[in-house]
K.L.:
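Sharing a structure below in structure tokens format, with a few things to ask.
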Amino acid sequence: MGQGGLIMGWTDERVTLLRKLWAEGLSASQIAKQLGGVTRNAVIGKVHRLGLAGRATPSRPAKRPVRTARPRVMGPSVPRLRMPSTMPTVVIPDLEPLKFEDGKAANVLTLNESMCKFPIGDPTDPDFAFCGRGSSGGPYCSDHARLAYQPSQARKRRTAGAPDELRRMLRLAAM
DNA sequence: CCCTGATTCGC
DNA sequence: GCGAATCAGG
């Protein structure tokens, strides 16, 4: 395979091969790998320049959404600040934090990757802790995963006559 | 996260 | 003309 040319320009042969492979339906990345020395972007760029674009592509919404012009980098850019994302956390202390033999619960120091990180209690209280139960995969245990993942189920009036303390905790946790 | 092509634009 | 960066989707 004596293809190890120099800086790999678009020679007549390479262009021919490109046309062939593209016509055969190979993806740009596949073609790039075949040709060697070029990235898929290079292939796509060339394909467009050759006017071959618009093939039976597996991913084409058949729309032409006129993509927003790419800003790219221009001059002294402005350091964009990003709004801190406030995570709306609702604490429903149905379950008590798992405790160790010494009576201590899972805190930020003892929290493990495989432990449920569902916050329990008033974050401003010294007794505040995390669930600490085993979490398989997700950040929460099975029980809290369900609680934290309620899309927007119909609000039952389960809070009828909710204790003032609970409301207070909910409010604090939401901050 | 993998992939796809499409587009813009500095070089 | 070239192709990296980026985007918009599957």
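Note that these values count all heavy atoms, side chains included, but never hydrogens, waters or copies made by symmetry. Sequence lines set the chain letters: A, B, ... in the order given, protein chains first and strands last, and positions in each chain run from 1.
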K.L.:
Does A:W22 put a side-chain nitrogen or oxygen below 4.0 Å from OP1 or OP2 of B:dG5?
P.N.:
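Negative; the distance criterion is not met.
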K.L.:
If only side-chain N and O atoms of A:K46 are considered, is one of them under 4.0 Å from the OP1 or OP2 phosphate oxygen of C:dC2?
P.N.:
yes
K.L.:
Take the protein atom NZ of A:K33 and the nucleotide atom C1' of B:dC3, then report the distance between them rounded to whole Å.
P.N.:
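Value for this atom pair: 12 Å.
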K.L.:
Ignoring the backbone of A:S27, work out which of B:dT4, C:dG1, B:dA6 is nearest its side chain.
P.N.:
B:dT4
K.L.:
Write down the distance between CG (A:N41) and C1' (B:dT7), rounded to a whole number of angstrom.
P.N.:
11 Å
K.L.:
Check the distance between B:dT7's P and A:L52's CG and give it to me in whole angstrom.
P.N.:
14 Å
K.L.:
Could you tell me the separation between the CG atom of A:L50 and the C1' atom of B:dG5, rounded to a whole number of Å?
P.N.:
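Rounded to whole Å, this separation is 15 Å.
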K.L.:
Of the candidate nucleotides C:dT6, C:dG1, B:dG5, which contains the atom at the shortest distance from the side chain of A:R49?
P.N.:
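Taking heavy atoms from C-beta onward, the closest nucleotide is C:dG1.
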K.L.:
Quick one: which residue pairs count as a side-chain hydrogen bond (donor to acceptor under 3.5 Å, both in side chains) with a foot in residues 28-40 of chain A, not counting sequence neighbours?
P.N.:
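Every pair satisfying side-chain hydrogen bond (donor to acceptor under 3.5 Å, both in side chains) with a residue in residues 28-40 of chain A: A:S27-A:S29.
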K.L.:
Between C:dT6, C:dC2, B:dC3, which nucleotide gets closest to the side-chain atoms of A:S29?
P.N.:
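Output: B:dC3.
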K.L.:
So, the side chain of A:W22 versus the backbone of A:V47: is there a donor-acceptor pair under 3.5 Å, distance only?
P.N.:
no
K.L.:
In whole angstrom, give the distance that lies between atom CD1 of A:I31 and atom P of B:dT4.
P.N.:
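In whole Å, B:dT4 P lies 10 Å from A:I31 CD1.
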K.L.:
Rounded to the Å, how far apart are A:R14 CZ and C:dC2 P?
P.N.:
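Answer to the nearest Å: 11 Å.
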K.L.:
Does A:E113 have any side chain to side chain donor-acceptor pair (under 3.5 Å) partners at least two apart in sequence or in another chain, and if so, which?
P.N.:
none
K.L.:
Output the rounded distance in Å from CG (A:L35) to P (C:dC2).
P.N.:
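Rounding to the nearest Å, CG of A:L35 and P of C:dC2 are 13 Å apart.
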K.L.:
Of all the choices, C:dC7, C:dG3, C:dC2, which nucleotide is nearest to the side chain of A:R40 once you look at every atom?
P.N.:
C:dC7
K.L.:
Quick one: do A:V43 and A:L21 satisfy side-chain contact (heavy atoms from CB on, under 4.5 Å)? Show the steps, please.
P.N.:
CA-CA 11 Å; A:V43 170; A:L21 296 176; over 6 Å; no
K.L.:
For A:I44 and B:dT7, what is the distance between atoms CD1 and P respectively, to the nearest whole Å?
P.N.:
11 Å
